[in-house]
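Remarks on the structure that follows.
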2 protein chains.
Amino acid sequence: MHPNNFGIEKTFGALSDSTRIAIIERLSRGEVSLSELSKPFAMSQTAVSKHVKILSDAGLVAVKKRGRTRFCELLPEPMQQAENWLMIYQKFWSERFNNLSTFLQQENSQ
Amino acid sequence: MHPNNFGIEKTFGALSDSTRIAIIERLSRGEVSLSELSKPFAMSQTAVSKHVKILSDAGLVAVKKRGRTRFCELLPEPMQQAENWLMIYQKFWSERFNNLSTFLQQENSQ
DNA sequence: TCTATAGTCAACTAAATGGTTTACTAAAAT
DNA sequence: ATTTTAGTAAACCATTTAGTTGACTATAGA
């Protein structure tokens with residue numbers, strides 16, 4: 001098992017912070033400007049902006065300028081790849097569980 | 001949408017390093033001792049041991065002592081929860097895509 | 001035109017991270 | 001009994017991370 005996991009840890013790194021998880025959840029309800037996005041957080045807008053940059057460097061978020069405001073939008077692909085990577089292990093575990101129960105059934109039938 | 005995502009960033013943090021990704025992949029092929037696990041890595045066993053501790057602190061790996069050797073084993077639950085969290089966004093995006101195509105169809109039919 | 005708003009940039013700080021080495025304990029093997 | 005093997009623990013180091021503040025640019029609105 002060596003899946004297409006190049007750089008998957010970059011995606012996980014982007015998701016390894018509670019502020020960024022909250023940003024993702026906010027953006028999943030639709031596009032928002034940076035200042036609007038910053039409001040709920042108990043930190044400076046500069047700090048939120050840095051988190052957004054980490055997310056956009058990892059390809060999870062796109063930022064587009066309209067007038068003087070920057071709008072942030074979720075990009076699905078990296079998180080889909082991360083989900084696929086996790087799904088492979090999911091499959092592995094359920095197979096192992098099936099093997100185990102098959103084994104136990106054989107044991108019991110003897 | 002506020003799913004059961006308490007501490008999900010801890011799981012993502014554990015997965016945010018390429019050494020730990022490689023450890024997970026190795027452990028998915030079965031239980032291994034720490035020294036066996038360390039061999040392929042170009043770093044000290046102490047360093048690998050620290051990575052294993054990070055994984056076990058996050059609940060992704062169990063370490064059990066037999067004699068003088070420690071065996072490491074994957075624990076599926078946190079990664080399953082992480083996958084579920086990602087799946088929610090997967091669902092959201094496909095719905096959004098459906099809404100978009102519905103919208104475009106309505107536009108075209110006028 | 002003046003002022004308020006949206007945002008960046010640079011410099012700084014404290015704490016966390018990923019690694020090292022050396023010294024140690026515990027179990028196995030000879 | 002001695003030596004090897006498996007692993008931990010502590011001290012140390014360099015880099016990254018998560019945040020701050022203050023000065024700046026650019027757009028929008030009065």
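Below, chain A is the first sequence line, B the second, and so on; all start at residue 1.
- With C/dG19, C/dG7, C/dT5 as the candidates, the nucleotide lying closest to the side chain of A/Arg68 is C/dT5.
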I would like to know whether A/Phe71 and A/Leu37 meet side-chain contact (heavy atoms from CB on, under 4.5 Å); could you show each step before the answer? CA-CA 9 Å; A/Phe71 289 91; A/Leu37 183 62; over 6 Å; no

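- Side-chain contact between A/Ile24 and A/Leu74 is present, with at least one heavy-atom pair separated by less than 4.5 Å.
- Comparing B/Leu34 and A/Ser44 by the nucleotide of DNA chain D that holds the closest heavy atom to each, the one mapping nearer the 5' end is B/Leu34.
- We find that NZ of B/Lys10 is positioned 16 Å from P of C/dA16, with the value rounded to whole Å.
- C/dA26 atom C1' lies 17 Å from atom CZ of B/Arg66, rounded to whole Å.
- Ring planes of A/Phe12 and A/Trp85: perpendicular class, angle over 60° (limits at 30 and 60°).
- Distances from the side chain of B/Thr46 to the nucleotides C/dT8, C/dA4, C/dT22 place C/dT22 closest.
- Along DNA chain D, the stretch of nucleotides lying under 4.0 Å from any heavy atom of chain B spans, 5' to 3', D/dT4 to D/dA11.
- Residue A/Val48 forms a side chain to side chain contact (heavy atoms under 4.5 Å, CB included) with just one option from A/Arg20, A/Lys53, A/Met43, A/Lys39, and that option is A/Met43.
- Rounded to a whole Å, the NE2 atom of A/His51 is 16 Å from the P atom of C/dG7.
- Considering OG of B/Ser28 and CD1 of B/Ile23, their distance stands at 12.5 Å, rounded to 0.5 Å.
- Nearest to the side-chain atoms of B/Ile54 among the listed nucleotides C/dG18, C/dG19, C/dT22 stands C/dG18.
- Remark on DNA chain C: of its neighbouring residues A/Ser49 and B/Ser16, the 5'-side contact belongs to A/Ser49, judged by nearest-heavy-atom nucleotide.
- Each of B/Arg70 and A/Lys50 was matched to the nucleotide of DNA chain D holding its nearest heavy atom; the match closer to the 5' end belongs to B/Arg70.
- The backbone N or O of A/Ser38 sits nowhere less than 3.5 Å from a side-chain atom of A/Arg26 that would complete a donor-acceptor pair.
- Atoms CG and CG, from A/Leu60 and A/Leu27 in turn, are 10.0 Å apart once rounded to the nearest 0.5 Å.
- Following rounding to the nearest Å, B/Asp57 (CG) and C/dA16 (P) show an atom-to-atom distance of 14 Å.
- Note on B/Arg20: only backbone sugar-phosphate atoms sit closer than 4.0 angstrom, heavy atoms only; bases stay farther off.
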